[in-house]
Undergrad: 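My questions all concern the structure below.
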Amino acid sequence: MTTETFKQEAQRMRPILVRIALGILRDSDEAEDVVQDVLLRLWQMREQLKMPIEPLAKVLTRNRCIDLIRRKKPTADLIPGQSLSVGVFQEENEAQRERIERMMKVIETLPDMQQTILRLRHMEGMDSKEIANLTGSTEVAVRKALSRARQAVRDKYNRI
């Protein structure tokens with residue numbers, strides 16, 4: 001794809017991609033950032049691209065938005081005027097700490113490979129492909145082991 005063709009396509013697609021990102025993220029600044037990232041990625045791939053590139057751009061935009069949503073830390077806003085005592089927060093933190101300790105004890109009972117895969121996925125944030133490369137197995141095997149580990153944790157956690 002030529003530089004001029006890419007520029008024309010990018011100008012034509014930009015409003016469409018912004019609408020997609022805005023519909024998912026509900027924040028115009030973040031939507032613009034996502035579209036800029038997608039267009040930059042497409043620009044870097046322009047030598048390998050063939051027309052039409054709009055479907056690829058839409059998928060990249062959607063996936064980038066989903067990645068952003070997943071990476072955001074869940075936050076809870078306090079209701080204005082609501083008075084919460086420090087004791088309530090301490091009780092919640094203590095209960096959460098206990099749940100985490102209980103979960104870690106359950107994870108420690110799993111076979112070594114399942115423990116490793118669970119930790120790499122959920123604590124290190126790696127995807128299946130990275131874990132497969134690291135462990136020397138296939139992505140399918142990693143996904144199966146992860147599914148089995150999650151099921152085992154769920155069953156054992158509920159029994160406790």
Side-chain angles (χ1 to χ4, degrees), residues 1-82 84 89 92-93 96-97 99-100 103-104 106-107 110 113-155 157-158:
M1 172 178 291
T2 66
T3 303
E4 196 58 40
T5 307
F6 180 83
K7 287 179 182 177
Q8 290 172 354
E9 279 297 300
Q11 285 178 338
R12 184 186 67 75
M13 289 186 310
R14 185 175 187 82
I16 297 166
L17 299 179
V18 169
R19 275 195 307 274
I20 291 170
L22 192 57
I24 296 171
L25 297 173
R26 306 278 186 233
D27 182 358
S28 61
D29 291 337
E30 281 186 345
E32 287 289 339
D33 290 344
V34 165
V35 171
Q36 191 66 30
D37 288 347
V38 168
L39 290 176
L40 176 62
R41 181 177 285 174
L42 289 171
W43 171 258
Q44 292 168 343
M45 298 171 28
R46 74 185 178 284
E47 298 298 323
Q48 295 86 27
L49 293 176
K50 293 183 173 38
M51 293 299 286
I53 62 170
E54 186 176 336
L56 175 62
K58 287 179 177 179
V59 169
L60 288 174
T61 301
R62 188 195 65 196
N63 289 348
R64 181 75 177 114
C65 290
I66 292 170
D67 287 346
L68 275 179
I69 291 170
R70 286 181 179 161
R71 286 194 177 108
K72 283 184 180 178
K73 301 273 189 235
T75 58
D77 295 332
L78 293 177
I79 300 169
Q82 181 181 17
L84 293 174
F89 286 122
E92 287 178 10
N93 288 339
Q96 185 173 2
R97 188 183 59 74
R99 284 192 303 269
I100 290 171
M103 182 68 68
M104 293 309 291
V106 168
I107 290 173
L110 295 175
M113 186 56 125
Q114 287 183 353
Q115 279 185 44
T116 303
I117 290 173
L118 262 178
R119 288 187 170 129
L120 289 174
R121 176 71 177 119
H122 294 290
M123 294 175 190
E124 300 297 324
M126 295 179 149
D127 63 10
S128 297
K129 186 175 184 177
E130 293 171 324
I131 296 170
N133 289 334
L134 193 63
T135 59
S137 60
T138 65
E139 284 185 67
V140 173
V142 168
R143 287 193 302 267
K144 281 184 180 181
L146 187 59
S147 175
R148 289 180 181 143
R150 287 175 179 158
Q151 184 65 41
V153 166
R154 189 177 311 122
D155 292 344
Y157 185 83
N158 289 334

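The first residue in the sequence is number 1, and the count goes up from there. None of the values given here were measured: they were computed from a predicted structure.
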Undergrad: Salt bridge (Lys or Arg N to Asp or Glu O under 4.0 Å): which pairs involve residues 14-28, sequence neighbours left out?
TA: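 Residue pairs with at least one partner in residues 14-28: R14-E32.
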
Undergrad: First locate atom CG of L56, then atom NZ of K58, and finally report the distance between them rounded to the nearest 0.5 Å.
TA: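 The CG atom of L56 sits 12.0 Å away from the NZ atom of K58.
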
Undergrad: To check you understand the geometry: which heavy-atom pair defines the closest contact between Q114 and A145, and what is its length?
TA: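 In terms of heavy atoms, the two residues are closest at CG-O, 4.1 Å.
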
Undergrad: Do you know which of T2, T3, I53, T5 makes side-chain contact (heavy atoms from CB on, under 4.5 Å) with R46?
TA: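 When side-chain contact (heavy atoms from CB on, under 4.5 Å) is applied between R46 and each of T2, T3, I53, T5, only T3 qualifies.
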
Undergrad: Checking Q115 side chain against L110 main chain: does a donor-acceptor pair fall under 3.5 Å?
TA: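 Confirmed, Q115 side chain pairs with L110 backbone.
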
Undergrad: Is a side-chain N or O of Q11 found less than 3.5 angstrom from the main chain of Q8, in a donor-acceptor match?
TA: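 Between the backbone of Q8 and the side chain of Q11 there is no qualifying donor-acceptor contact (under 3.5 Å).
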
Undergrad: Any heavy-atom pair between the side chains of L49 and E9 that's under 4.5 Å?
TA: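 No, every pair of side-chain atoms sits at 4.5 Å or beyond.
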
Undergrad: Quick one: closest heavy-atom pair of L42 and A57, and the distance?
TA: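 Minimum heavy-atom contact is CD1-CB, 3.6 Å.
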
Undergrad: Indicate yes or no for a side-chain donor-acceptor contact from S147 to the backbone of R143 under 3.5 Å, with no hydrogens or angles considered.
TA: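 No, the answer is negative, given that no donor and acceptor are paired below the 3.5 Å cut-off.
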
Undergrad: Applying side-chain contact (heavy atoms from CB on, under 4.5 Å) between V142 and each of L120, T135, D127, N133, report the one that passes.
TA: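 The residue from L120, T135, D127, N133 that satisfies side-chain contact (heavy atoms from CB on, under 4.5 Å) with V142 turns out to be T135.
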
Undergrad: Hey, what do you get for CD1 (I131) to OG1 (T138), rounding to the nearest 0.5 Å?
TA: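 Atom-to-atom, I131:CD1 and T138:OG1 are 12.0 Å apart.
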
Undergrad: Can you confirm whether more than 12 heavy atoms, excluding those of R150, are under 6.0 Å from its CZ atom?
TA: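 It does: R150 CZ has more than 12 such atoms within range.
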
Undergrad: Are there over 12 heavy-atom neighbours, none belonging to R119, within less than 6.0 Å of that residue's CZ?
TA: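 Enclosed: over 12 neighbouring heavy atoms sit under 6.0 Å from CZ of R119.
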
Undergrad: Could you tell me the separation between the CZ atom of R70 and the CG atom of N63, rounded to the nearest 0.5 Å?
TA: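 Those atoms lie 8.5 Å apart.
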
Undergrad: Do you see a donor-acceptor pair shorter than 3.5 Å between the side chains of Q151 and R154?
TA: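 Result is yes, a qualifying pair exists.
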
Undergrad: To the nearest 0.5 Å, what is the distance between CZ on F6 and CD on E47?
TA: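 F6 atom CZ to E47 atom CD measures 11.0 Å (nearest 0.5 Å).
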
Undergrad: Using every non-hydrogen atom in the two residues, find where Q44 and Q48 come nearest and quote the distance to one decimal.
TA: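 Answer, listing the atom of Q44 first, then Q48: O-OE1, 4.4 Å.
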
Undergrad: Would you check if L146 and H122 make a side-chain contact, meaning some heavy-atom pair closer than 4.5 Å?
TA: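 A side-chain contact under 4.5 Å exists here.
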
Undergrad: Step by step, would you call M103 with I107 a side chain to side chain contact (heavy atoms under 4.5 Å, CB included)?
TA: CA-CA 6 Å; M103 182 68 68; I107 290 173; 4.1 Å; yes

Undergrad: Looking only at heavy atoms, what is the nearest atom pair of A31 and L25, with distance?
TA: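 Distance-wise, the nearest heavy atoms are N-CD1, 4.0 Å.
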
Undergrad: Nearest 0.5 Å, what's the CD1-OG1 distance between I20 and T61?
TA: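 Going from CD1 on I20 over to OG1 on T61, the span is 6.0 Å.
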
Undergrad: Contact between L68 and R64 at the side-chain level, heavy atoms closer than 4.5 Å - yes or no?
TA: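 A side-chain contact under 4.5 Å exists here.
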
Undergrad: Got a second to check how far K7's NZ is from L39's CG, nearest 0.5 Å?
TA: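 K7 NZ to L39 CG: 13.0 Å, rounded to 0.5 Å.
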
